[in-house]
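Following: one structure in structure tokens, then a few remarks.
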Protein chains: 2
Amino acid sequence: MTYCVAIKLDTGMIFASDSRTNAGVDHIATFTKMKVYEKPDDRLITILSSGNLAVTQGVTNLIDRQLRAKETGTAEAEAPSILEAPTMYDAATIVGDALREMQRRDGVFLTASNIDANASMIVGGQIKGEPPRLFYLYTQGNFIEAGGDTPFFQLGESKYGKPILDRVITPSTPQKEAAKCVLISFDSTMKSNISVGLPIDMLWYPRDSFRVGLQQRIRENDPYFTMLRTRWGGGLRRVFADLPDPDWLE
Amino acid sequence: MTYCVAIKLDTGMIFASDSRTNAGVDHIATFTKMKVYEKPDDRLITILSSGNLAVTQGVTNLIDRQLRAKETGTAEAEAPSILEAPTMYDAATIVGDALREMQRRDGVFLTASNIDANASMIVGGQIKGEPPRLFYLYTQGNFIEAGGDTPFFQLGESKYGKPILDRVITPSTPQKEAAKCVLISFDSTMKSNISVGLPIDMLWYPRDSFRVGLQQRIRENDPYFTMLRTRWGGGLRRVFADLPDPDWLE
């Protein structure tokens with residue numbers, strides 16, 4: 001499985017993804033689930049993906065082939081590439097179309113073997129002339145957009161880590177605090193679900209910068225994340241211990 | 001949806017269930033999901049249920065009909081009732097068989113209308129001559145038993161509330177602390193999922209007592225639960241605020 005979070009803050013966007021994939025417990029591997037398209041001073045687009053890895057890798061390959069077709073001027077070069085899409089809505093449509101194309105190609109073969117061809121994706125970023133925008137793409141290729149009331153989307157094993165996001169995140173949360181909250185959300189998820197694992201890829205996009213602000217890979221033994229996990233776990237146990245026990249029980 | 005937890009401690013067992021049911025968001029109602037069979041000084045058996053309400057109500061009706069057949073001496077009276085089962089394993093088998101019978105009766109009609117006939121149940125308690133035992137029944141009627149390594153089972157919307165149980169609960173956790181932990185687990189679940197709602201039914205079974213220790217219904221405005229929710233939420237935010245922000249982010 002997978003765990004990914006993307007947040008649209010007033011000051012920019014945070015993207016985070018784990019990198020464990022598994023096809024059965026005896027086939028575990030590390031693959032990044034974050035793909036970044038950057039055209040400095042014009043756009044920054046990040047794609048997070050979950051679900052069938054062959055399908056989601058196929059999606060980014062279709063997007064990349066379209067980019068190369070532009071460069072080499074081959075016949076496929078008519079439709080706009082993700083680096084030419086005039087709006088984030090168009091960029092999300094390009095990704096959704098690629099997802100549909102992969103489902104069309106692979107779906108029937110996977111279904112015949114009773115294999116799940118589902119894949120969900122998050123597409124977020126900013127294109128010059130627009131504010132930052134964040135989309136959640138369903139496996140059918142359709143999508144929804146995050147607004148002020150719902151400033152974040154999650155992919156994959158989202159439930160373990162949702163309560164802390166629900167408690168903390170609003171559009172006006174400072175980015176440092178939001179990044180801290182995202183890492184705690186990952187800690188809760190990894191504590192209860194072994195199919196989500198390190199390293200965590202994190203990306204910070206400062207609003208109106210049109211380039212990557214910071215890209216960080218958090219590995220085993222990362223000092224900040226290790227400190228956060230220890231102190232969060234200890235703090236939770238302390239708050240828990242300080243709460244009075246029910247007096248209706250012996 | 002539903003949220004239920006059952007824990008097997010060294011000192012006894014705790015059972016808890018929410019009571020919101022919904023068939024679409026415009027058809028929400030309150031039904032208890034906890035059913036208790038008690039024969040003082042001989043046995044205490046608690047059943048928690050989730051999934052299709054018609055199926056799970058059918059299960060308890062089949063069990064109750066068998067009990068009445070014993071009392072009135074009708075033809076059905078040959079198989080042992082849940083109050084006669086010699087072990088908890090046999091009690092779980094009786095419930096599993098009833099689940100299979102309901103699936104056999106209703107399954108084909110529900111499937112024809114594309115309605116989910118799934119139902120999972122927890123059966124726990126103690127019968128004289130045995131230690132307390134706790135079983136998780138799948139929708140197919142088969143089941144697994146909790147051991148020392150896994151002292152609790154959950155039903156329904158289990159992921160939001162699992163991290164705190166994972167952090168706190170072991171077989172040696174005192175019952176007051178375990179009850180507090182269960183209520184915090186319900187709080188996390190209800191905060192992130194509106195399909196789980198009050199009141200919460202709680203039952204405490206002291207080991208080797210063979211009767212209900214305490215049965216409690218926690219409603220809206222329950223002073224202990226309200227205090228717990230407020231102080232837990234406040235404590236979490238305080239621990240969160242005290243953690244250093246990442247220094248790699250502006």
Side-chain angles (χ1 to χ4, degrees), chain A residues 11-12 14 157-168 174-185 187-193 202 204 206 213-216 218 222-225 227-250, chain B residues 11-12 14 157-168 174-185 187-193 202 204 206 213-216 218 222-225 227-250:
Chain A
T11 53
I14 291 175
E157 282 293 348
S158 60
K159 295 186 179 183
Y160 306 106
K162 189 165 182 283
I164 187 66
L165 296 173
D166 281 336
R167 282 183 203 271
V168 170
Q175 63 264 27
K176 281 187 169 219
E177 208 168 290
K180 185 169 80 172
C181 184
V182 164
L183 288 177
I184 289 171
S185 172
D187 177 43
S188 297
T189 308
M190 294 194 297
K191 210 157 176 65
S192 291
N193 190 304
M202 277 196 104
W204 159 241
L214 183 105
Q215 202 166 0
Q216 170 99 341
I218 292 159
D222 176 275
Y224 178 71
F225 188 51
M227 179 277 296
L228 213 56
R229 301 185 85 169
T230 311
R231 286 183 51 177
W232 176 246
L236 283 194
R237 278 189 296 274
R238 217 164 39 248
V239 172
F240 181 79
D242 285 350
L243 292 173
D245 286 334
D247 55 11
W248 34 260
L249 203 60
E250 278 311 296
Chain B
T11 54
I14 291 176
E157 282 294 348
S158 60
K159 295 185 180 184
Y160 305 107
K162 189 165 182 285
I164 186 66
L165 296 172
D166 281 336
R167 282 182 202 273
V168 170
Q175 62 265 26
K176 281 188 168 217
E177 208 168 291
K180 186 170 79 172
C181 184
V182 164
L183 289 177
I184 290 171
S185 172
D187 177 43
S188 297
T189 309
M190 294 194 297
K191 211 158 176 65
S192 291
N193 190 304
M202 276 196 105
W204 159 241
L214 183 106
Q215 202 166 0
Q216 169 100 342
I218 291 158
D222 176 274
Y224 178 71
F225 189 52
M227 179 278 295
L228 214 56
R229 301 185 85 170
T230 311
R231 286 183 51 177
W232 176 247
L236 283 194
R237 277 189 297 275
R238 218 164 38 247
V239 172
F240 181 79
D242 284 351
L243 293 173
D245 287 333
D247 56 11
W248 32 261
L249 203 61
E250 279 310 298

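Numbered from 1 within each chain, the chains take letters A, B, ... in sequence-line order. These numbers come from the heavy atoms of this one structure, side chains and all, not from hydrogens, waters or symmetry mates.
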| said: Please rank B:Asp245, B:Asp247, B:Leu236, B:Val239 by heavy-atom pairs under 4.5 Å with chain A and give me the top one. | reply: B:Asp245
| Roughly how far, to the nearest 0.5 Å, is the CD atom of B:Gln175 from the CG atom of B:Leu214? | 11.0 Å
Chain A heavy atoms under 4.5 Å from [X]: which part of the residue, side chain, backbone, both or neither?
{"X": "B:Leu165", "value": "neither"}
{"X": "B:Leu243", "value": "both"}
{"X": "B:Pro244", "value": "both"}
{"X": "B:Gln216", "value": "side chain"}

| Between A:Arg238 and B:Asp242, is there a salt bridge with N-O shorter than 4.0 Å? | no
| field | NZ/NE/NH1/NH2 to OD/OE distance under 4.0 Å, A:Arg167 and B:Asp187 | value | yes
| field | Choice from A:Cys181, A:Pro163, A:Gly235 maximising heavy atom contacts with chain B below 4.5 Å | value | A:Pro163
| said: Taking the cut-offs as 6.0 angstrom to the six-membered ring centre and 45 degrees off its axis, would you call B:Lys191 and B:Tyr160 a cation-pi pair? | reply: no
| message | Quick one, A:Lys180 and A:Tyr224 - any side-chain contact, counting heavy atoms below 4.5 Å? | response | yes
